[in-house]
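Working notes, beginning with the structure itself.
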Number of protein chains: 4
Amino acid sequence: MARKQEQRSEETKHSILQAAGQLFRERGYDAVTMREIAKAAGCSHTTIYIYFKDKEALLHQLSMAPLQDLFAEMQACLQDPSLPVDEKLFSTSWSFLRFCLKNRSMYALFFMTKSSRVDEKEPAMELQKLRNEMFGLLKEAVIAALPAPLTEEQAWAFARVYFFTLHGIIGTYAETEEPYEQLIERVGPTFELALRVSLAGCKQIAQEGDGSK
Amino acid sequence: MARKQEQRSEETKHSILQAAGQLFRERGYDAVTMREIAKAAGCSHTTIYIYFKDKEALLHQLSMAPLQDLFAEMQACLQDPSLPVDEKLFSTSWSFLRFCLKNRSMYALFFMTKSSRVDEKEPAMELQKLRNEMFGLLKEAVIAALPAPLTEEQAWAFARVYFFTLHGIIGTYAETEEPYEQLIERVGPTFELALRVSLAGCKQIAQEGDGSK
Amino acid sequence: MARKQEQRSEETKHSILQAAGQLFRERGYDAVTMREIAKAAGCSHTTIYIYFKDKEALLHQLSMAPLQDLFAEMQACLQDPSLPVDEKLFSTSWSFLRFCLKNRSMYALFFMTKSSRVDEKEPAMELQKLRNEMFGLLKEAVIAALPAPLTEEQAWAFARVYFFTLHGIIGTYAETEEPYEQLIERVGPTFELALRVSLAGCKQIAQEGDGSK
Amino acid sequence: MARKQEQRSEETKHSILQAAGQLFRERGYDAVTMREIAKAAGCSHTTIYIYFKDKEALLHQLSMAPLQDLFAEMQACLQDPSLPVDEKLFSTSWSFLRFCLKNRSMYALFFMTKSSRVDEKEPAMELQKLRNEMFGLLKEAVIAALPAPLTEEQAWAFARVYFFTLHGIIGTYAETEEPYEQLIERVGPTFELALRVSLAGCKQIAQEGDGSK
DNA sequence: GATGAATGAGAATTCATTCAT
DNA sequence: GATGAATGAATTCTCATTCAT
């Protein structure tokens, strides 16, 4: 009996999340109003507040799970002993790119929010922590793929450089409304090239000598 | 008589632009209110509407001139016959980086606005045109710095790849409030490294053979 | 079968009343939401509407019984032939004070609601009637404690005067969150003093002659 | 030229204050909405925000001046050397009563707000300070009118007791909508009586011996 | 040319209450 | 009898913008 209601509730919640996700992605978090989300989800705006504390909670819900999945995916790849280091880097990079491009206009919210002040509320902290861990993962992958022994400083520098490429790719297409599949079909090879270029460049410069100056 | 008035009028307009520019740069377009601009410019908020149709027009006015200057600067550099190709690329890259990092919070508005729909109003078009021309400039610089003869497709690809790096650098620090000088002091060398890595990588991959597939 | 249900139903109703009572007392009628009451009562907020027409009805139900108890208590005290008149007055006063201070944040709702307009709904009338009767009781107690024969007008006047003291005591501490026991410990003697002062003053002025002008 | 506008502005501000004051008095601060105030003042609700930061500021503006006037009035009376002590007490009491009854439903806001936590915002502090000073004034007046030398504790006790009467008077009629004049005509003598009773009682008990236990 | 006054549209959020199950 | 789902009405407050002078 209750099943039906429960299911309906789940559907509503889902449609809210879906609507919010899509709208956030399409137009950005700030530009979207609760009423728009409600309309798109086919419910009253008050209903949203039944399922989510506030607009931010909606975003958080929408963010954390997928981000954690992404993190797990990247981690798993890096721990796979059967893959060569270059493959590991490219594979994790693609995981990251795929995720970010699929969640384009929320990308900024995930990765570009001002490093929250220490006293910030918990949810933001959680996100930031995850973000840092993810960057740490990429850094390790970059270091592993580079040959010579690097100073810590050099390691940071190359990691940043490699990250610039990823960040640049995503940022460039962050505002596009082109569907993910189509986008990948169109410029996927260029992304691939960018990753290869970045790694090749890092390797070369790293061998030439110092990597920070 | 009229002269004096005219001059004063010009001054007011100028102080509005100056104030708006500074505020936009400091806190971002959206976060700044017309009243704040007016207060900073030392005039009434209604006065702004005498000189500018609306907030967006103010932004546009504020954007075009600097962007055109930037464009001219990049163009001049590329046309300088005394510079080696690598230097040309790095130099224009730095012009671009410098400008974008100085105008951080407006960067998104300049370069990441959704490619305006066809029916969009004129001002946006104008901006987009300039943006495209600037990208064209960078593309030429990249191509010139690469050795082999490239197909048009390859040229585009490498240009994009190089641009990802620039975009990535800027995007990474777009939300920082760190003053420009300090930022450069802190991570300027990493930026330099990134440019060198990107070019080195492009060169290498370009030589290896095909650069798009 | 029916018995069991009936009993459970009664339990639910009771736990709602209990929860509402406590919350109203703790935080005031307005500040408490139906959902909070429901949560505290361990049922759904819709359930409340099965037993009570609306929030106001809940309050009314919650008020009448205790107020009637208070009334009975006061009445019993006054009818006790073994007590001296002063004691009767003080004792009923303390009953009243005790009740009001324990129900502080609802005090205003009980005794300070605008004298309901004639067309008001029934429940409010009922409450007001009780309130008036209670005031009548106090009036009788005051009169009994005063020596001389008083005109009706004088009686009213002294009763009011005495009531001002009671009202003042309660009102002064109506917004405090201090627990009742602690409050009494701290300022109970002052309350006692106030009652004595008021009575002594009334006696003296009553003897001096006229008590209304 | 500007005069006319300035005057109009002043009028608007005044009508807002007047409307707000009346509505607050009639129905209480919380129950009144900004839109109602605006409607009553004959302007848009946004206009209110031009003149007052927020609803609370409106209240504060509406409160402080009159309260300060009242305080000054009470102080002046107490410092008048030509008045006997009893007269001083009665006169200040009447000032207080008059003010509170005229501002009835705001009375609670002025005098019954929870003693604000220390970290509270400034305006509330200011009000509380004034409130305390006013109570201090009354306390001095009470002490001056009482004969014997009192311990500090006794002084406080009698002051509180006397204040209960004032508070009780006001509280009793706080919710009435009866116009001030009419109210005074009807029960003014009773108020007078209450003051006399309270003082007489205090004097008597104070003489009898200890006044705190 | 310049301005203070004034506004309408719209934002997030909360709450008592009703409906279908 | 009991409930979860859902809602409409309301609240404070903000902002770009337009008049009347």
Side-chain angles (χ1 to χ4, degrees), chain A residues 1-13 30-38 42-56 58, chain B residues 2 5-6 8-10 12-13 30-38 43-56 58, chain C residues 2 5-6 8-10 12-13 30-38 43-56 58, chain D residues 1-13 30-38 42-56 58:
Chain A
M1 282 299 121
R3 265 294 138 79
K4 214 166 182 181
Q5 265 197 24
E6 207 177 299
Q7 187 192 325
R8 188 160 163 221
S9 167
E10 214 49 52
E11 274 170 25
T12 304
K13 184 172 183 176
D30 281 332
V32 174
T33 76
M34 293 300 262
R35 284 184 143 88
E36 281 172 326
I37 295 170
C43 69
S44 160
H45 61 281
T46 50
T47 301
I48 301 179
Y49 290 93
I50 296 173
Y51 297 100
F52 307 95
K53 190 185 162 295
D54 53 20
K55 200 182 174 188
E56 215 173 60
L58 191 48
Chain B
Q5 262 195 23
E6 208 176 302
R8 215 184 124 203
S9 165
E10 214 48 50
T12 304
K13 183 171 183 178
D30 281 332
V32 174
T33 76
M34 294 298 264
R35 284 185 137 89
E36 283 172 325
I37 296 169
C43 70
S44 159
H45 56 283
T46 49
T47 303
I48 301 178
Y49 291 92
I50 298 171
Y51 296 102
F52 307 94
K53 187 182 163 295
D54 55 20
K55 201 181 173 187
E56 213 172 63
L58 189 49
Chain C
Q5 264 196 22
E6 208 177 299
R8 215 183 124 203
S9 165
E10 213 48 49
T12 305
K13 184 171 182 178
D30 281 332
V32 173
T33 75
M34 294 298 263
R35 285 185 136 87
E36 283 172 325
I37 296 169
C43 69
S44 160
H45 57 282
T46 47
T47 303
I48 302 178
Y49 290 92
I50 297 170
Y51 297 102
F52 307 95
K53 187 184 163 296
D54 54 20
K55 202 183 173 187
E56 213 172 63
L58 189 49
Chain D
M1 283 298 123
R3 264 294 139 80
K4 213 167 184 178
Q5 264 196 24
E6 207 177 299
Q7 187 192 325
R8 190 163 160 216
S9 167
E10 214 49 51
E11 274 170 26
T12 304
K13 184 172 182 176
D30 281 331
V32 173
T33 77
M34 294 300 263
R35 284 184 143 89
E36 281 173 326
I37 296 170
C43 69
S44 159
H45 63 280
T46 50
T47 302
I48 301 178
Y49 289 94
I50 296 172
Y51 297 100
F52 307 94
K53 190 184 161 296
D54 54 20
K55 199 182 173 186
E56 214 172 61
L58 190 48

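Computed from heavy atoms alone, side chains included, the values below leave out hydrogens, waters and symmetry copies.
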Short side-chain N/O contact from C:Thr33 to OP1 or OP2 of E:dT14, under 4.0 Å
no
Once you round it to whole Å, what is the distance between P of E:dA12 and CZ of A:Phe52?
15 Å
Separation between NZ (B:Lys13) and OG1 (B:Thr47), nearest 0.5 Å, reads 13.5 Å
Neighbours of DNA chain E within residues 42-51 of chain A, by heavy-atom distance under 4.0 Å
A:His45, A:Thr46, A:Tyr49
Identify, between A:Thr12 and B:Arg35, the residue whose nearest nucleotide on DNA chain F lies closer to the 5' end.
A:Thr12
Send over the distance from D:Glu36 CD to F:dA9 P, rounded to a whole Å.
17 Å
Closest non-hydrogen contact found for D:Ile48 with D:Cys43 is CG1-SG, 4.5 Å
Within this structure, what is the NZ-to-C1' distance between A:Lys53 and E:dT13, rounded to whole angstrom?
10 Å
Could you tell me how far apart B:Lys13 (NZ) and E:dA2 (C1') are, to the nearest whole angstrom?
16 Å
Gap between atom CZ of B:Phe52 and atom CD of B:Glu56 - 0.5 Å precision
14.0 Å
Sub-4.5 Å side-chain heavy-atom contact between B:Asp30 and A:Asp30
no
Distance in Å, C:Ser44 OG paired with C:Ile50 CD1, rounded so as to fall on 0.5 Å steps
8.0 Å
Mind checking whether D:Ile37 and D:Leu58 have side chains closer than 4.5 Å, heavy atoms only?
yes
Do the side chain of D:Thr12 and the main chain of D:Arg8 share a donor and acceptor less than 3.5 angstrom apart?
yes
In whole Å, what is the span from the CG atom of D:Leu58 to the P atom of F:dT11?
16 Å
Provide, to the nearest angstrom, the distance between the CE atom belonging to B:Met34 and the P atom belonging to E:dA2.
15 Å
Measure CG/B:Asp54 against P/F:dT17 and give the value in whole Å, please.
5 Å
Can you see which heavy atom on B:Met34 is nearest to which on B:His45, and at what distance?
O-CB, 4.2 Å
Toward the 5' end of DNA chain E, which comes first, C:Asp30 or A:Ala31, by nearest nucleotide?
A:Ala31
What is the distance, to the nearest angstrom, from the NZ atom on B:Lys55 to the P atom on E:dA9?
20 Å
Taking the side chain from D:Lys55 and the backbone from D:Thr33, do they hold a donor-acceptor pair closer than 3.5 Å?
no
Dot-bracket for DNA chain E: what is it, with Watson-Crick or G-U pairs under 3.5 Å, [ ] where a pair crosses earlier ones, and | for a pair to another strand?
.||||||||||||||||||||
